[in-house]
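Order of the sequence lines sets the chain letters (A, B, ...), proteins ahead of strands, with each chain counted from 1. Atoms considered below: every heavy atom in the structure, side chains included; atoms not considered: hydrogens, waters and symmetry mates.
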Number of protein chains: 4
Amino acid sequence: MSMRADARRNRDQILAAARKIYLAEGFTVPMDEIARAAGVGVGTLYRRFPDRDALLRGLAIDAIQQVTALGEIAWQEERDAWSALRRFVHEGSELNRVVAAVRPHLIDAVPDDEELFQAGVAWFELLSRMVVAAQEAGDMRGDVAPGDVLLMLNLLTRPLAGLPAELGAGLPDRFSDVMFDGLRADSPTPLSGAPITRWWA
Amino acid sequence: MSMRADARRNRDQILAAARKIYLAEGFTVPMDEIARAAGVGVGTLYRRFPDRDALLRGLAIDAIQQVTALGEIAWQEERDAWSALRRFVHEGSELNRVVAAVRPHLIDAVPDDEELFQAGVAWFELLSRMVVAAQEAGDMRGDVAPGDVLLMLNLLTRPLAGLPAELGAGLPDRFSDVMFDGLRADSPTPLSGAPITRWWA
Amino acid sequence: MSMRADARRNRDQILAAARKIYLAEGFTVPMDEIARAAGVGVGTLYRRFPDRDALLRGLAIDAIQQVTALGEIAWQEERDAWSALRRFVHEGSELNRVVAAVRPHLIDAVPDDEELFQAGVAWFELLSRMVVAAQEAGDMRGDVAPGDVLLMLNLLTRPLAGLPAELGAGLPDRFSDVMFDGLRADSPTPLSGAPITRWWA
Amino acid sequence: MSMRADARRNRDQILAAARKIYLAEGFTVPMDEIARAAGVGVGTLYRRFPDRDALLRGLAIDAIQQVTALGEIAWQEERDAWSALRRFVHEGSELNRVVAAVRPHLIDAVPDDEELFQAGVAWFELLSRMVVAAQEAGDMRGDVAPGDVLLMLNLLTRPLAGLPAELGAGLPDRFSDVMFDGLRADSPTPLSGAPITRWWA
DNA sequence: GATGAATGAGGCTTCATTCAT
DNA sequence: GATGAATGAAGCCTCATTCAT
């Protein structure tokens with residue numbers, strides 16, 4: 001049973017508006033404001049997303065699936081894992097900002113949320129494949145696990161309030177460049193703690 | 001004009017309770033809960049900190065000053081800048097979590113807040129001295145500026161909800177180790193964007 | 001101007017569903033739920049009954065007319081008024097529950113609502129005929145008026161939440177039996193207040 | 001830890017206002033209106049009664065305890081159970097209206113609510129003592145149980161919307177007089193169904 | 001005509017802040 | 001001063017009603 005055309009359009013408008021506003025102003029914006037930005041009434045917002053969390057959830061699933069799709073393409077088109085990984089991170093920077101911003105608000109619900117969990121699993125498996133391949137090719141140091149990469153990416157992509165927009169937008173790329181240099185195989189500093197192997201806990 | 005002893009004690013209890021609760025539960029905790037955790041009434045809380053922002057501000061100034069003090073010690077005791085920087089980051093990890101968590105809520109007010117601004121300036125100057133010295137000593141790559149280091153630290157120290165406590169606590173150290181490896185002088189990857197030279201914008 | 005067959009069918013489905021749901025869950029059920037139970041869309045519901053009150057009104061008129069019809073039969077088939085009255089109360093128990101439940105929501109509108117008023121008048125006149133005849137036959141005490149009987153019946157038929165269904169269903173009969181015993185002519189206790197002679201106020 | 005004087009006063013004002021408004025306009029009145037009628041802000045209302053149900057609960061417990069107290073007095077002062085019962089019903093008429101009106105909204109929660117349950121138990125035990133004694137004295141028919149009396153009273157005391165106030169206020173007395181006549185020992189009509197022995201189900 | 005999506009007023013509740021005790 | 005009760009603006013959400021498909 002697919003949605004009516006106008007319903008689908010509304011849903012997309014809402015997700016787009018929510019993404020934009022949340023990134024710009026944080027997660028405290030009232031639902032009414034999101035509805036207004038999407039050009040719909042609150043009622044419509046609530047019809048599509050039964051409550052605040054459902055909206056975040058929709059946002060997250062959407063972004064995770066898109067970022068995964070980007071990654072699959074990079075994985076197929078690049079010759080080596082290291083390049084695919086960097087390209088994936090670079091191209092998914094904008095989407096990753098969404099995921100990073102949403103994470104703290106959703107993470108506790110993940111284990112109980114089939115759809116969200118599956119989206120995350122697919123994403124994490126792709127990332128894992130890349131990381132392992134890069135390590136086997138000798139391009140990435142061996143003492144990190146995919147979870148380390150995921151979490152560092154998550155942190156480095158978080159919004160930094162107070163920066164001029166054109167500066168802030170470029171930082172995830174800049175900082176992940178530094179991170180990648182730190183992940184290269186010839187880096188010797190031994191890491192404290194244990195490699196992170198799971199994405200959700 | 002110094003405070004009476006009990007007033008000072010109240011103030012410290014409140015700041016300690018607020019720090020603990022904010023780190024554990026995020027910034028949505030009601031003022032009542034903080035007052036209760038501090039063992040005082042809301043009235044007293046509001047006498048010390050006229051509103052919510054003032055409390056955050058107190059928290060931030062407190063933490064920044066402490067982290068600066070730690071850094072000064074490291075700077076004087078370590079023989080080279082690189083070691084001082086690493087020690088400083090390592091030892092200030094807990095305090096940095098506070099600063100990182102508070103940043104998004106205060107950053108816009110910084111330019112108008114003399115005391116907060118000054119604390120930040122002192123901190124940033126110390127960090128800058130270390131970074132520049134490390135670069136001059138050939139230990140750190142030259143295409144980053146102190147602001148890059150500060151912001152990356154800020155991001156890498158942010159709380160990661162959903163992780164088991166004992167895992168989460170160790171991550172800032174682990175991730176800053178990777179970052180430091182990425183900052184070492186022999187890293188070749190050219191960075192996109194421009195070096196960040198200011199701490200507040 | 002008679003309705004088309006399908007329109008009539010819709011109308012009846014809606015009334016049946018509404019009666020059932022209202023009795024089971026009270027009058028707080030949303031219109032959507034009634035529409036769903038009736039197997040139609042809300043739009044159709046609103047086409048038949050322009051607003052919530054119109055639906056209640058339909059329900060009430062329907063039930064009052066049916067209960068009156070039952071009463072007429074009893075009145076013709078039973079040899080004495082007292083028996084007719086008891087049979088009428090007994091057989092109309094289910095319908096009376098509807099009328100009793102609806103009363104508080106409609107009563108204020110009755111004087112302005114021709115159709116509802118007429119249905120009520122017919123019902124009340126029938127009841128009055130029975131009461132007066134029973135009194136004249138010496139079966140019913142003389143210090144009550146038809147309005148007393150009507151209101152007591154209304155009250156004793158109201159839903160009693162929290163009871164097991166099979167218990168609750170039998171109570172109107174049980175309790176009206178007690179009431180009839182109290183209404184028998186040889187009861188001596190003088191009543192406080194005045195006999196009630198009108199049905200709607 | 002007893003309440004501050006003003007807090008206690010507020011609590012009482014709220015209960016009084018709620019009782020009055022609920023009886024006059026039903027349970028759909030907004031919380032704001034009750035607060036206004038009590039001369040306090042909504043916040044105060046919510047501080048005393050955490051949500052709508054808590055207010056109803058407070059109302060019910062209050063009324064039940066008062067009605068029980070009245071009954072105890074009647075029980076001690078009257079020479080026979082039958083007189084005590086009638087006096088009790090007569091004097092508690094106003095309070096019973098509250099209990100009757102509240103019942104449908106609370107009954108499902110009773111088994112899980114210690115305080116409410118206890119109040120109800122005390123009330124029911126008193127009523128039971130009276131009923132049993134009246135039956136043993138030969139004043140009340142033997143085929144009813146205390147639960148029958150309680151439920152009939154509950155029903156006969158319910159508000160009848162649409163009646164002029166001075167008429168409506170007298171009806172519970174008038175109708176319970178009829179009921180008492182129906183309950184007298186010499187009434188022969190056998191009742192359908194089984195005696196009701198519990199008050200809450 | 002039927003359907004169900006869209007609308008937004010209005011109810012419930014929370015919590016930052018003020019103020020009486 | 002300290003306390004915690006009171007206040008009410010503002011956010012979340014529901015649902016009666018309207019309207020596009």
**Prompt:** Between atom CZ in D/Phe49 and atom C1' in E/dC12, what is the gap in whole Å?
**Reply:** 16 Å

**Asked** Does A/Thr44 put a side-chain nitrogen or oxygen below 4.0 Å from OP1 or OP2 of E/dT7?
**Response** yes

**Item:** F/dA6 OP1/OP2 closer than 4.0 Å to side-chain N/O of D/Arg48
**Value:** yes

**Request:** Could you pick out which residue, B/Gly39 or D/Gly39, lies toward the 5' side of DNA chain F when each is mapped onto its nearest nucleotide?
**Result:** B/Gly39

**Prompt:** What is the distance, rounded to the nearest whole Å, between atom CZ of A/Arg9 and atom P of F/dT21?
**Reply:** 8 Å

**B/Val40 side-chain proximity, nearest of F/dT17, F/dT3, E/dC12** = F/dT3

**Item:** E/dA5 OP1/OP2 closer than 4.0 Å to side-chain N/O of A/Asn10
**Value:** no

**Request:** Tell which nucleotide pairs with E/dT17, taking only Watson-Crick or G-U wobble pairs whose two distances are both under 3.5 angstrom.
**Result:** F/dA6

**Prompt:** Where is the tightest heavy-atom contact between A/Ile34 and A/Ile21, given as atom of each residue plus distance?
**Reply:** CA-CD1, 4.2 Å

**Asked** Under 4.0 Å between a Lys/Arg side-chain N and an Asp/Glu carboxylate O for C/Arg8 and C/Asp12?
**Response** yes

**Prompt:** Can you name the nearest heavy-atom pair linking B/Leu59 to B/Arg19, along with the distance?
**Reply:** CD1-N, 3.9 Å

**Item:** Audit row: B/Arg57, B/Glu115, side-chain contact (heavy atoms from CB on, under 4.5 Å) steps and yes/no
**Value:** CA-CA 9 Å; B/Arg57 198 179 150 273; B/Glu115 194 179 359; 3.1 Å; yes

**Request:** Would you indicate which nucleotide in F/dA2, F/dT17, E/dA2 comes nearest to any side-chain atom of C/Asp32?
**Result:** F/dT17

**Item:** Rounded distance (Å) that lies between atom C1' of F/dC19 and atom CG of C/Leu45
**Value:** 16 Å

**Asked** Can you check the A/Ile21 CD1 to F/dG11 P distance for me, whole Å?
**Response** 13 Å

**Request:** Quickly work out the B/Leu56 CG to E/dA16 P distance and round it to whole Å.
**Result:** 11 Å

**Message:** So if I take every side-chain heavy atom of C/Tyr46 and compare against F/dA5, F/dA16, E/dT13, which nucleotide ends up nearest?
**Reply:** F/dA16

**Asked** Quick one: on DNA chain E, does C/Gly43 or B/Asp53 contact a more 5' nucleotide (nearest heavy atom)?
**Response** C/Gly43

**Asked** What's the CD1-P distance between C/Ile34 and F/dC15, to the nearest Å?
**Response** 12 Å

**Prompt:** Taking CG from A/Asp12 and P from E/dA6, how many angstroms apart are they, rounded to a whole number?
**Reply:** 12 Å

**Request:** For D/Arg36 and F/dA6, give me the distance from atom CZ to atom P, rounded to whole Å.
**Result:** 18 Å

**Message:** Can you tell me which nucleotide in E/dA2, E/dT18, F/dG1 comes closest to the side chain of B/Arg47?
**Reply:** F/dG1

**Message:** Using every non-hydrogen atom in the two residues, find where D/Asn154 and D/Val99 come nearest and quote the distance to one decimal.
**Reply:** ND2-O, 4.2 Å

**Nearest atoms (heavy-atom pairs only) where B/Gly26 meets B/Val29** = O-CG2, 3.2 Å

**Asked** Taking any strand in view, what nucleotide pairs with E/dC12 in a Watson-Crick or G-U wobble way, both distances under 3.5 Å?
**Response** F/dG11

**Fill in**
Side-chain contact check for C/Val42: nearest option of F/dC12, F/dA5, E/dG4 is E/dG4

**Request:** Report the residue (A/Gly41 or D/Pro30) whose heavy-atom-nearest nucleotide on DNA chain E is the more 5′ of the two.
**Result:** A/Gly41

**Fill in**
Winner on side-chain proximity to B/Asp51, out of F/dT17, F/dC12, E/dT17, is E/dT17

